[in-house]
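Take a look at the structure set out below.
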There are 2 protein chains.
Amino acid sequence: MDAQIDEILRKNQLSVTGSRKRILELFLMSNGALAHGDIEKKTGEKFDRVTVYRTLQTFLEKGIIHNIPTADNSVLYALCKDDCSEGHHHDNHVHFICSECGKTICLADVTVPEVKLPGGFLPHEYQMVVTGLCKECR
Amino acid sequence: MDAQIDEILRKNQLSVTGSRKRILELFLMSNGALAHGDIEKKTGEKFDRVTVYRTLQTFLEKGIIHNIPTADNSVLYALCKDDCSEGHHHDNHVHFICSECGKTICLADVTVPEVKLPGGFLPHEYQMVVTGLCKECR
DNA sequence: GTTGGTGCAAAAATTTTGCAGGGTG
DNA sequence: CACCCTGCAAAATTTTTGCACCAAC
């Protein structure tokens, strides 16, 4: 795990620092989406709030994580797949939001279907969000 | 138009007030999604910022509008179709967000394709957001 | 007249920015 | 050692809450 973290950071030309390692570790462990608040809690507020903001921003720019839309418009981040390059996400799986427990789940196996757009539109990224009840809450 | 607005408000057991009429009118005219900031601008700041917040909140609860998740996690609202009842939305058309001019366009003719979910998930609403360049900006 | 909505003020929460010190490569 | 990252402080922005007044029914 530790080696994996280092590799991800180095591959993106980022210096390996404590906060980056820890936050990246959280994403690898959680296997889901994290909010800014989650990260603060899970690190035990060991890092400055500002550092968390900047680290997330950096990860976003490098394409290590992406942000995902949620039902209540809070800000959630999730790990990108390996084939995300800088500024270019191929993260077109479906996100499921449970309206009961509020959890956001990445349905990695469900790919976003292609849609035909009216002429003139130049699509760049597709996102799909399904809301409903998850396994536990139904 | 004015009669239509009154009817919508009355149908939802809301008193007909200036701000509600104006904000609802904006949604009917825009035929697309509006951000909180858009509304403040388009009303010429005639109404208190707080009133706008509360009006939007009320409309949300009544199911007159719904919020749209966007790629950059800004908060957008759009009118619900007629068959939206309270807390029950069937607004499954595609939203297009232009990354150049920032406009959000409802592609009413493009329906969201059905996707197969893994067992256990009980879907309620499908939303799809496409980002890219619109006709004017490409 | 009663109920509910609005505006104002203030507080709370979230996010951004500047700068000096410290860790990384 | 040069550079980038972090923490602290402060500012800017966004959202929420309380209360008195006014408008809608």
Side-chain angles (χ1 to χ4, degrees), chain A residues 2-3 5-26 33-62 64-77 86 102, chain B residues 2-3 5-27 33-62 64-65 67-77 86 102:
Chain A
D2 220 53
I5 292 172
D6 280 29
E7 193 203 320
I8 294 175
L9 290 176
R10 228 169 285 132
K11 199 167 64 185
N12 287 283
Q13 295 145 44
L14 293 174
S15 31
V16 180
T17 66
S19 64
R20 284 177 183 170
K21 277 166 75 170
R22 183 78 185 93
I23 292 175
L24 193 45
E25 187 188 23
L26 284 180
L34 293 176
H36 179 272
D38 294 333
I39 294 167
E40 282 191 89
K41 271 177 223 130
K42 296 204 181 185
T43 53
E45 273 115 19
K46 192 181 158 196
F47 303 107
D48 195 274
R49 180 195 297 277
V50 177
T51 300
V52 176
Y53 276 111
R54 285 194 274 225
T55 303
L56 289 173
Q57 189 58 44
T58 304
F59 284 180
L60 268 182
E61 284 164 8
K62 291 295 183 180
I64 299 174
I65 60 175
H66 64 281
N67 56 20
I68 56 185
T70 67
D72 64 342
N73 285 290
S74 56
V75 186
L76 287 184
Y77 305 90
E86 190 155 343
Chain B
D2 221 52
I5 292 172
D6 282 26
E7 193 203 319
I8 293 174
L9 289 176
R10 226 167 290 133
K11 200 167 63 186
N12 287 282
Q13 295 146 44
L14 293 173
S15 32
V16 180
T17 66
S19 64
R20 286 177 183 170
K21 277 167 75 171
R22 183 79 186 92
I23 292 175
L24 192 46
E25 187 188 23
L26 283 180
F27 276 109
L34 295 175
H36 180 272
D38 294 334
I39 294 168
E40 283 194 87
K41 269 177 225 130
K42 296 206 182 184
T43 53
E45 274 116 18
K46 190 182 160 194
F47 304 107
D48 195 275
R49 179 197 298 278
V50 177
T51 299
V52 176
Y53 275 111
R54 287 195 273 224
T55 303
L56 289 173
Q57 188 57 43
T58 304
F59 285 180
L60 269 182
E61 285 163 8
K62 290 295 182 179
I64 299 174
I65 60 175
N67 57 19
I68 305 173
T70 65
D72 65 342
N73 285 290
S74 56
V75 186
L76 287 183
Y77 305 90
E86 191 155 341

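Since the structure is predicted, the reported quantities are computational estimates derived from the model, not experimental observations. Order of the sequence lines sets the chain letters (A, B, ...), proteins ahead of strands, with each chain counted from 1.
Here C:dA20 presents its P atom at 17 Å from CG of A:Asp48, a figure rounded to the nearest Å. We find that CD of B:Gln57 is positioned 18 Å from P of C:dG4, with the value rounded to whole Å. Regarding A:Tyr53, its OH atom lies at a distance of 11 Å from the C1' atom of D:dT14, rounded to whole Å. Spacing between atom NZ of A:Lys21 and atom C1' of D:dC4 amounts to 17 Å, rounded to whole angstrom units. Going from atom CD1 of B:Ile23 over to atom P of C:dG5 covers 13 Å, rounded to whole Å. Look at CG on B:Asp38: it is 15 Å from C1' on D:dT14, rounded to the nearest Å. At whole-Å resolution of the value, CG in A:Asn12 and P in C:dT24 are 19 Å apart. Following rounding to the nearest Å, B:Glu45 (CD) and C:dG7 (C1') show an atom-to-atom distance of 15 Å.
Across all strands shown, B:Ser19 has heavy atoms under 4.0 Å from sugar-phosphate atoms exclusively, and none from any base.
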Determine, step by step, whether A:Tyr77 and A:His66 satisfy the ring-ring contact (aromatic ring centres under 6.0 Å, His included) criterion, reporting the C-alpha distance in whole Å, the side-chain angles of both residues, the deciding distance to 0.1 Å, and the verdict.
-> CA-CA 6 Å; A:Tyr77 305 90; A:His66 64 281; 9.1 Å; no
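Checking B:Leu14 against A:Val16, the closest nucleotide of DNA chain C that is more toward the 5' end is the one next to B:Leu14.
Side-chain atoms of B:Arg49 and base atoms of C:dG7 include no donor and acceptor less than 3.5 Å apart.
Listed pair A:Ser15 / C:dG25 fails the phosphate criterion, with no side-chain N or O lying under 4.0 Å from OP1 or OP2. Within the structure, a side-chain polar atom (N or O) of B:Thr17 is placed less than 4.0 Å from OP1 or OP2 of C:dT6.
The residues B:Arg10 and B:Glu7 are annotated as not salt-bridged, no charged nitrogen and carboxylate oxygen being separated by less than 4.0 angstrom.
Closest to the side chain of A:Arg54, out of C:dT24, D:dG7, C:dC8, is D:dG7. Ranking C:dT16, D:dT6, C:dT24 by closeness to the A:Arg20 side chain, first place goes to D:dT6.
Listed for the A:Thr55 side chain is a donor-acceptor partner under 3.5 Å among the backbone atoms of A:Thr51. Panel note: side chain B:Thr43, backbone B:Ile39; a donor-acceptor pair is recorded below 3.5 Å.
Here the shortest heavy-atom pairing between B:Arg22 and B:Lys42 reads NH2-O, 3.4 Å.
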